[in-house]
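See below for the structure under consideration.
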Amino acid sequence: DETESRAEEPTGEPDKSSGDDKSEEIATVQKKVDYCKSAVFFVSAIHRAMETVMELLDSKAVTDVQEAIGFIVSADVFKVEKTVAGVRKMMMLVWSKNQAIKDHVIEAYKTLFLQRPADGVPRQQKAMAVADALINLVHGATLGEVTSLEEIVTDMVKQDHIKDSTLSALWSIFGGSDKAQSQAALMLLSMAANAKPKLIEKNLGKLIAVCLARNLTTEADNRLARHACVALQKLQPLGLQLPANHQLFEALYSVLLVKEETIQQCNRNAFDQSWFAAAEQVLNTVFMLCAEPEEFCSSVIRALGATVSKKGGTAVSKRGLTRVLFVVGHTAVKQFVYVETVSSKMKKDADAAEKKKDEKKQAHKDSGAPGSPRGLEAELGIAAAIEEGQMEEIREMAEAEILSSMNLIGRFSGMIVSLCSTAYRSKKGGDAVCSQLPQNVREVAVLALCKLMATSSQFCEPNLQLLMT
C-alpha cells in the first residue's frame with residue numbers, strides 16, 4: 001500500500017512534453033514573422049527597383065531599354081504595384097526612331113493585353129477578355145498616351161495580332177448602356193480603323209444610332225458624339241462622298257442644333273464647354289464626307305443665328321451667340337481648306353489624264369521630246385509656272401468669295417470685328433463696360449476673328465492691330 005501511495009503522489013517536476021510543444025509553436029511563429037519581414041523587404045526592394053527601371057526606359061542604350069521593358073512585363077505577372085505606371089510610360093517608346101525598341105514595345109503590349117488576358121479563359125470568352133483589357137488601358141489615359149496607343153493598336157491590327165473576334169467584342173461593348181465603356185470601345189475601334197477603314201463603313205448605321213441619332217443631354221453624350229465623328233473621319237481613304245440628305249448629316253445637324261429643353265440643367269456648364277469640341281469634329285466630318293458641305297453649314301448657321309435673339313428680340317442669348325460665332329469661324333477655315341483640297345485633286349486628275357494621253361502616243365516627239373514645243377516648255381518649267389499661277393488664282397478667288405458681303409460668312413465678319421472691338425474698349429474702359437460682354441463671348445469672338453484672318457490676307461492685315469491689342 002505504501003508503495004502504491006508513493007506512486008500516486010505528485011513528484012513536483014514540470015511536464016517536459018508540453019514545454020516542447022510551446023517551444024515548437026514559438027519557433028513556427030518566429031519563422032512566419034521572419035518570412036513576412038523578408039517578403040516586405042523584397043517587395044520594398046522591387047518597388048525601389050521599379051523607379052530605377054522606369055528611368056532606364058529613357059536610356060540611350062538600346063539594351064537598357066529592352067531589359068527595362070522585359071522587367072516591366074515580368075513584374076506585371078505578379079501584379080507589382082508600380083507596374084501600371086511603367087506600362088503607361090512604355091507607350092511613348094513606340095515613337096522611337098530605333099526599330100528594335102519599337103518592335104520590343106509592340107511585342108510587350110501584345111503579351112500584356114492580347115495573350116495574358118486570354119490565358120485560362122474559355123475559348124468563347126477570350127475575345128471579350130482581350131477587349132476588356134484594352135478598354136482598361138484607355139481609361140485614365142492622357143492625350144499623349146492615347147496618341148501612342150493609337151499607333152500601337154494600328155500596328156497590331158495591320159499585323160493581325162488583334163483579331164476580328166476582338167473587334168466584334170468591342171462593337172458589342174460599344175452598343176451597351178455604360179457610356180464610359182462605350183466611349184473607350186469607340187476610341188479603340190477608331191484606332192483600328194486606321195488600318196481597316198471599312199470597319200467603320202460596315203457599322204455606320206450602328207455608329208449613328210448609338211452616338212448621334214438621339215437627343216444629347218449630358219457632357220458624356222457630347223464626348224461620345226465627338227469620338228464618333230473622329231471615327232467617321234477614318235473613312236477618308238475610301239473616298240466616300242455622301243449626299244447632303246443622308247441620315248448621317250441629319251444626325252450631325254441635331255448635334256449642332258441641340259434641343260435646349262432636353263439638356264440636364266445640373267451639368268449645364270460642362271455641357272456647354274463640351275459642345276464646342278463636338279461641334280468642331282462635326283464640321284470636320286461634314287467637309288470630309290458630305291458632297292455639298294457649304295449647303296449643310298449655311299443651314300446650320302442660319303438656324304443657330306435664329307437662336308441668338310430671345311424674349312421677342314429684346315435680349316441676346318449668350319449661348320446662342322457663342323455657338324453661331326464658333327461655327328462661322330470654323331466653317332470659314334474648313335471651307336478654305338476644302339477649296340484648296342478640291343483644286344489640288346483636280347490638278348492631280350488633270351496630270352493623270354495628261355500622262356495617260358501621252359502614254360498612248362507612240363511617237364517620241366509627241367510625248368515631250370527636247371526640241372518640240374511641249375519639250376521646251378517642260379525644260380523651261382513654263383507648264384509648272386502656269387499651273388502654279390492657276391492654283392494661286394483659285395486661292396485668291398476663294399479668299400475673296402468666303403468673306404464676300406454676298407456670302408453668309410462674310411456678313412458675320414463685321415459683327416465679329418465689332419465684338420472684338422468691344423472687348424478691347426472693355427479692357428480700357430473698366431468693369432462697367434466689360435460686364436456687357438461676357439468672357440466666354442469674348443473668347444469665342446477672338447477665336448472666330450483669328451480663323452477669319454487665316455482665310456484671307458485682305459481681312460487679316462487691317463485687323464492685326466485689333467488682334468494684338
Side-chain angles (χ1 to χ4, degrees), residues 1-93 101 104-142 145 149 152 178 180-181 184:
D1 293 337
E2 290 180 2
T3 305
E4 291 178 358
S5 62
R6 288 175 183 172
E8 291 175 358
E9 290 179 1
T11 60
E13 296 180 359
D15 189 353
K16 293 183 179 181
S17 61
S18 61
D20 293 341
D21 292 341
K22 288 182 180 181
S23 299
E24 291 179 3
E25 188 176 334
I26 292 172
T28 302
V29 172
Q30 186 62 46
K31 288 180 180 179
K32 290 181 179 179
V33 171
D34 293 341
Y35 174 81
C36 291
K37 286 182 178 179
S38 300
V40 170
F41 178 80
F42 178 75
V43 170
S44 300
I46 292 295
H47 285 174
R48 290 194 300 271
M50 279 299 300
E51 296 176 0
T52 305
V53 169
M54 289 176 65
E55 292 177 1
L56 285 174
L57 290 175
D58 300 324
S59 174
K60 294 183 179 180
V62 177
T63 53
D64 288 349
V65 177
Q66 290 177 332
E67 290 296 329
I69 292 172
F71 185 91
I72 292 172
V73 173
S74 299
D76 181 74
V77 177
F78 302 98
K79 308 299 180 186
V80 176
E81 187 177 320
K82 296 188 177 182
T83 305
V84 176
V87 170
R88 291 194 177 278
K89 184 176 180 180
M90 205 164 61
M91 286 185 197
M92 304 299 181
L93 294 176
I101 293 177
H104 217 66
V105 171
I106 298 294
E107 192 63 30
Y109 277 91
K110 177 184 172 183
T111 302
L112 289 169
F113 297 98
L114 301 185
Q115 296 176 352
R116 284 184 186 167
D119 290 344
V121 177
R123 184 176 181 182
Q124 61 272 21
Q125 298 178 10
K126 285 187 177 183
M128 188 60 71
V130 172
D132 287 336
L134 291 171
I135 286 175
N136 290 334
L137 188 60
V138 173
H139 287 314
T142 63
E145 290 170 354
L149 180 60
I152 293 171
D178 190 325
Q181 291 288 92

Find the distance between [atom1] ([X]) and [atom2] ([Y]) and round it off to the nearest 0.5 Å.
X	Y	atom1	atom2	value
Ser23	Gln30	OG	CD	13.0 Å
Phe113	Asp132	CZ	CG	12.5 Å
Asp64	Ile101	CG	CD1	9.5 Å
Met90	Leu112	CE	CG	5.5 Å

* **Which residues share a side chain to side chain donor-acceptor pair (under 3.5 Å) with Glu55, sequence neighbours left out** =>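 Counting only residues at least two positions away or on another chain, Glu55 forms no side chain to side chain donor-acceptor pair (under 3.5 Å).
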
Does the side chain of [X] reach to within under 4.5 Å of the side chain of [Y], using non-hydrogen atoms?
X	Y	answer
Val105	Met92	no
Val80	His47	yes
Thr52	Phe71	no
Leu56	Glu67	no
Met91	Arg88	yes
Val121	Val130	no
Lys89	Glu145	no
Leu137	Tyr109	yes

Please name the pair of heavy atoms, one in [X] and one in [Y], separated by the smallest distance, quoted to 0.1 Å.
X	Y	value
His139	Ala180	CE1-O, 3.6 Å
Lys82	Met54	O-SD, 4.4 Å
Leu57	Ala68	CD2-CB, 3.8 Å
Pro117	Ala129	O-CB, 3.5 Å

* Asked: Going through the checks in order, is the side chain to side chain contact (heavy atoms under 4.5 Å, CB included) test met by Glu107 and Ile69?
  -> CA-CA 10 Å; Glu107 192 63 30; Ile69 292 172; over 6 Å; no

* Asked: Within a reach of under 6.0 Å around CD of Gln181, are more than 12 heavy atoms found that belong to other residues, nucleotides or ligands?
  ->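 Yes, CD of Gln181 has more than 12 neighbouring heavy atoms, counting only those of other groups under 6.0 Å.
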
* Does one side chain, of Asp119 or Gln115, offer a donor that lies under 3.5 Å from an acceptor on the other? -> no

* Asked: What pairs with Val138 under side chain to side chain contact (heavy atoms under 4.5 Å, CB included), at least two apart in sequence or on another chain?
  ->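 Here the qualifying residues are Leu149, Ala184, Met187, Leu188.
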
* Where the side chain of Asp76 meets the backbone of Ile72, is there a donor-acceptor pair that is under 3.5 Å apart? -> no

* Any donor-acceptor N/O pair, Thr83 side chain to Lys79 backbone, under 3.5 Å ->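 Not a single qualifying donor-acceptor pair exists.
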
